[in-house]
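Taking it in order: structure first as structure tokens, then the write-up.
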Amino acid sequence: MIWRQKIGFRLLAYIVLFSTAVTLISSATQLYLDYRNQVRSIEARLDDIEESYADSLAAGLWSIDSEQLRLQVEGIVRLPDMRAAEVRELVRNDTRPLVITAGRRQEHAVISREIPLIHAGRDGSERIGTFYIEGTLDEVYDRLIDAALVILVSQGVMTFLVSLFTLFIFHRLVTRHLADIARFFRSHDLRISSPTLELNRPGPPLGDELDHMVDAINTMSGDLYTANCELSGLNTNLERDLALRAAKEQELRQTVRELERANAELDRFAYVASHDLQEPLRTITSFAQLLERKYKGKLDSEACEYIEFTVTAAKRMHALINDLLVYSRINANGTPFGPASTEAACAAAIDNLHQAIAESGAEISVGPLPEVQGDEAQLVQVFQNLLGNAIKFHRPGQTPHVRIEAQRIDDRWRFSVADDGIGITSEHGDIFEIFRRLHTIAEFPGTGVGLAICKSIILHHQGEIWYESAAGIGSTFYFTLS
Ligand code: ADP
């Protein structure tokens, strides 16, 4: 179990690495200091030898007592850390100099010394030879290697034991509890009130970080359970709301479908009715007109008046039916939308109204008009109805002035048809409603369908239509197209 702890092993690796580095640095320092001390002590020994032996060696050499010299030189070599010693007589005359050597000299000695051997006679001092001593570091190195081995082995063993102990303590104090916490979370179920987390440990009297963590986990677990309960409640409500909403949407879709069907039926009914009414109406109108022409002067004035009422009413009904027919065809018979020139549509409308324009003397100015997406024939109808009203509802005795223009606003075109006519004063309902009129037939002729046709066409083009007006000053009708 303890061997599977990854954190523990990382800790172990860090301890081993760190203590190895510390051991190496401290051992190297220690060994270097030892080395320096030992070299110094060898040099001190050379000093001692020089002091103690120089005179007696000089005396031995002066008296050429080679036996005594040998004994002394061999004695010196036996001293610790001495490798070689040699006494060499100075070359005098042609005789061979005396040389006594003990040990084996090295070519590049690390520690050596050459001491002149001086004989002090009555005539003064004289150099008679040279005393050479050479130390060795071999034993120093051996001793240092031994010391290094001892340090490394003891430190290694100590580091290993301390690491194992640390790993064990870390496991007891931390990692086994972390594993318990992980187990607790794995088995934790938000939907049920789980038992509280408790660690198997005596725990310090005042509580430590682990105790604080356990407290925090238990609080969090309780909070999560409460939040989950609330969320479940909200979810249930939401699901109920969604189901209700879906049912409502379904209902709405059904209503829209029914409305669309009813609308289509209504359009068809209006179309069929107005279409089928045309024929008998034409017969009534023709016969009434025939009566009027044939019996004019033969019938009394009352009968003539009745016939005239009949003809006027039949003509009015004819106009109403015609407008109704146009109105009922807007959504059904519109051609697919494409690029449509509003300039051409406006020009066609002016052309269609040339008689009314000529009779009223209306002055019409048209600004540059754009190309839009739509049904050009329907747009002719819109311009014609608005321009027709602008001319029709002029102030008595005044020449009507009409201005038609278009302005780009955001991604749409806003068209305006402005007149200086009587203006719209009454608040009697929406003038865009079918058959809504603010004047009597005697005041201004009309069917009350023109603006309804405009609104239907503009809505069919996904646009908007509205007006601004001031009584006695004039009205401006606006509509938008893309
Ligand atoms: P009609 O023109 O056949 O009466 P419309 O639907 O075109 O029917 O117009 C509805 C009513 O709106 C008109 O009867 C009139 O009272 C008012 N109206 C429309 N255009 C104007 C205008 N330019 N100036 C004043 N009143 C207007």
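Atoms within a ligand are numbered from 1 in the order they appear, just like the ligands themselves.
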Check this for me: does any side-chain nitrogen of one of [X] and [Y] sit under 4.0 Å from a carboxylate oxygen of the other?
X	Y	result
Arg143	Asp146	no
Glu251	Arg253	no
Arg40	Glu43	no

Does ligand 1 have any N/O atom under 3.5 Å from a protein N/O, and what are those pairs and their distances?
unit_1: ligand 1; atom_1: 2 (O); unit_2: Asn389; atom_2: OD1; d: 3.0
unit_1: ligand 1; atom_1: 2 (O); unit_2: Lys392; atom_2: NZ; d: 2.9
unit_1: ligand 1; atom_1: 3 (O); unit_2: Thr447; atom_2: N; d: 3.0
unit_1: ligand 1; atom_1: 3 (O); unit_2: Gly448; atom_2: N; d: 3.0
unit_1: ligand 1; atom_1: 4 (O); unit_2: Arg437; atom_2: NE; d: 2.6
unit_1: ligand 1; atom_1: 4 (O); unit_2: Arg437; atom_2: NH2; d: 2.9
unit_1: ligand 1; atom_1: 6 (O); unit_2: Gly450; atom_2: N; d: 3.4
unit_1: ligand 1; atom_1: 6 (O); unit_2: Leu451; atom_2: N; d: 2.8
unit_1: ligand 1; atom_1: 7 (O); unit_2: Asn389; atom_2: OD1; d: 3.4
unit_1: ligand 1; atom_1: 7 (O); unit_2: Asn389; atom_2: ND2; d: 2.8
unit_1: ligand 1; atom_1: 7 (O); unit_2: Leu451; atom_2: N; d: 3.4
unit_1: ligand 1; atom_1: 8 (O); unit_2: Gly448; atom_2: N; d: 3.4
unit_1: ligand 1; atom_1: 16 (O); unit_2: Leu438; atom_2: N; d: 3.4
unit_1: ligand 1; atom_1: 16 (O); unit_2: His439; atom_2: NE2; d: 3.4
unit_1: ligand 1; atom_1: 20 (N); unit_2: Asn389; atom_2: ND2; d: 3.3
unit_1: ligand 1; atom_1: 23 (N); unit_2: Asp419; atom_2: OD2; d: 2.9

Quick one: are Tyr306 and Leu299 in side-chain contact, heavy atoms under 4.5 Å?
no

Heavy-atom side-chain proximity of Phe185 to Leu197 below 4.5 angstrom:
no

Shortest non-hydrogen separation from Gln384 to Leu353 and the atoms involved:
O-CD1, 3.5 Å

